[in-house]
Amino acid sequence: QVHVVESGGGLVQPGGSLRLSCAASGSIFSVDAMGGSWYRQTPGKARNFVAGITSGGVTNYADSVKDRFTIPRDKAKNTVYLQMNDLRPEDTAVYYCNRLSELGHGYWGQGSQVTVSA
């Protein structure tokens with residue numbers, strides 16, 4: 001079965017850091033299928049792109065998170081991360097990861113709440 005699990009969300013103070021994990025498992029994934037993206041959504045609003053990485057390691061970031069967020073990854077664990085630094089209240093959202101199978105199809109994680117508040 002396709003299995004994409006997120007973890008690492010929580011409450012953090014402004015200026016703090018948090019790392020989200022997105023682990024993929026299943027026969028359609030392999031250690032070579034390391035492409036993925038992160039999106040975030042607040043109540044009543046659309047889901048917006050945050051960051052992405054191709055299987056080849058090319059990254060792309062939304063302007064609002066450039067120079068603050070990065071996408072590390074661990075091929076051995078088939079896990080893509082979202083490293084969030086210098087967090088701001090406006091970063092508060094539910095974060096969703098989308099992992100690409102070896103055939104290039106995307107699969108969503110369940111979402112992870114990130115709250116940035118003093």
Side-chain angles (χ1 to χ4, degrees):
Q1 296 181 354
V2 176
H3 199 200
V4 178
V5 178
E6 298 181 36
S7 62
L11 174 65
V12 64
Q13 295 183 354
S17 298
L18 203 63
R19 178 181 289 190
L20 302 180
S21 298
C22 182
S25 62
S27 60
I28 66 172
F29 297 105
S30 71
V31 295
D32 295 324
M34 293 300 297
S37 299
W38 290 93
Y39 296 76
R40 63 188 182 187
Q41 186 172 25
T42 55
K45 298 182 179 180
R47 187 174 299 182
N48 295 318
F49 173 81
V50 175
I53 187 169
T54 68
S55 294
V58 179
T59 57
N60 186 35
Y61 300 94
D63 288 341
S64 59
V65 305
K66 286 182 178 178
D67 301 319
R68 297 190 297 120
F69 292 10
T70 59
I71 313 180
R73 58 186 183 178
D74 188 333
K75 293 183 179 180
K77 297 180 179 180
N78 201 0
T79 299
V80 174
Y81 304 91
L82 182 65
Q83 178 64 49
M84 301 179 288
N85 302 315
D86 190 24
L87 283 162
R88 304 164 182 173
E90 54 264 39
D91 294 319
T92 296
V94 176
Y95 285 72
Y96 298 89
C97 70
N98 186 276
R99 295 293 302 276
L100 298 178
S101 72
E102 59 185 1
L103 296 179
H105 299 131
Y107 297 87
W108 291 103
Q110 80 280 11
S112 184
Q113 177 69 50
V114 173
T115 301
V116 185
S117 179

- Task: Answer yes when Asp91 and Arg88 have at least one side-chain N-carboxylate O distance shorter than 4.0 Å, and no when they do not.
- Result: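 Looking at Asp91 and Arg88, the cut-off is not met.
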
- Message: Working note: Trp108 + Tyr39, criterion ring pair (Phe, Tyr, Trp, His ring centres under 6.0 Å); need CA distance, chi angles, decisive distance, verdict.
- Response: CA-CA 10 Å; Trp108 291 103; Tyr39 296 76; 5.2 Å; yes

- Task: Kindly determine whether Val116 and Gln13 satisfy side chain to side chain contact (heavy atoms under 4.5 Å, CB included), including the steps that lead there.
- Result: CA-CA 5 Å; Val116 185; Gln13 295 183 354; over 6 Å; no

Does a side-chain heavy-atom distance below 4.5 Å link [X] with [Y]?
X      : Y      : value
Leu87  : Leu18  : yes
His105 : Leu100 : no
Ile71  : Tyr81  : no
Leu82  : Phe69  : yes
Asn78  : Met34  : yes
Thr92  : Arg40  : no
Arg99  : Cys22  : yes
Ser117 : Pro89  : no

- Sorted by chain and number, sequence neighbours left out, salt bridge (Lys or Arg N to Asp or Glu O under 4.0 Å) with Lys45 holds for none

- Message: Tell me every residue that passes salt bridge (Lys or Arg N to Asp or Glu O under 4.0 Å) with Asp67, counting only those two or more places apart in sequence or in another chain.
- Response: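 Asp67: no salt bridge (Lys or Arg N to Asp or Glu O under 4.0 Å) contacts found.
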
All side chain to side chain contact (heavy atoms under 4.5 Å, CB included) counterparts of [X], not counting sequence neighbours:
X     : value
Asn60 : Phe49
Ala23 : Thr79
Gln83 : Ser17, Arg19, Thr70, Pro72, Asn85

- Assess whether side chain to side chain contact (heavy atoms under 4.5 Å, CB included) is satisfied between Tyr95 and Gln113, documenting all intermediate values. CA-CA 6 Å; Tyr95 285 72; Gln113 177 69 50; over 6 Å; no

Atom [atom1] in [X], atom [atom2] in [Y]: separation rounded to 0.5 Å?
X     : Y     : atom1 : atom2 : value
Tyr96 : Trp38 : OH    : CH2   : 12.0 Å
Arg68 : Tyr61 : CZ    : OH    : 12.5 Å
Thr42 : Glu90 : OG1   : CD    : 11.5 Å

- Message: For Gln41, I'd like to know if atom CD has over 12 heavy atoms of other residues, nucleotides or ligands within 6.0 Å.
- Response: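 Check passes, neighbour count above 12.
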
For residues 3-12, please give each side-chain donor-acceptor pair under 3.5 Å, one per line with the distance, not counting sequence neighbours.
residue: Glu6; atom: OE1; partner: Ser112; partner atom: N; Å: 3.4
residue: Glu6; atom: OE2; partner: Cys97; partner atom: N; Å: 2.8
residue: Glu6; atom: OE2; partner: Gly111; partner atom: N; Å: 3.2

- Query: For the residue pair Ser55 and Gly35, what are the closest heavy atoms and their distance?
  - Reply: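 Nearest pair, atom of Ser55 first, then Gly35: OG-N, 3.3 Å.
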
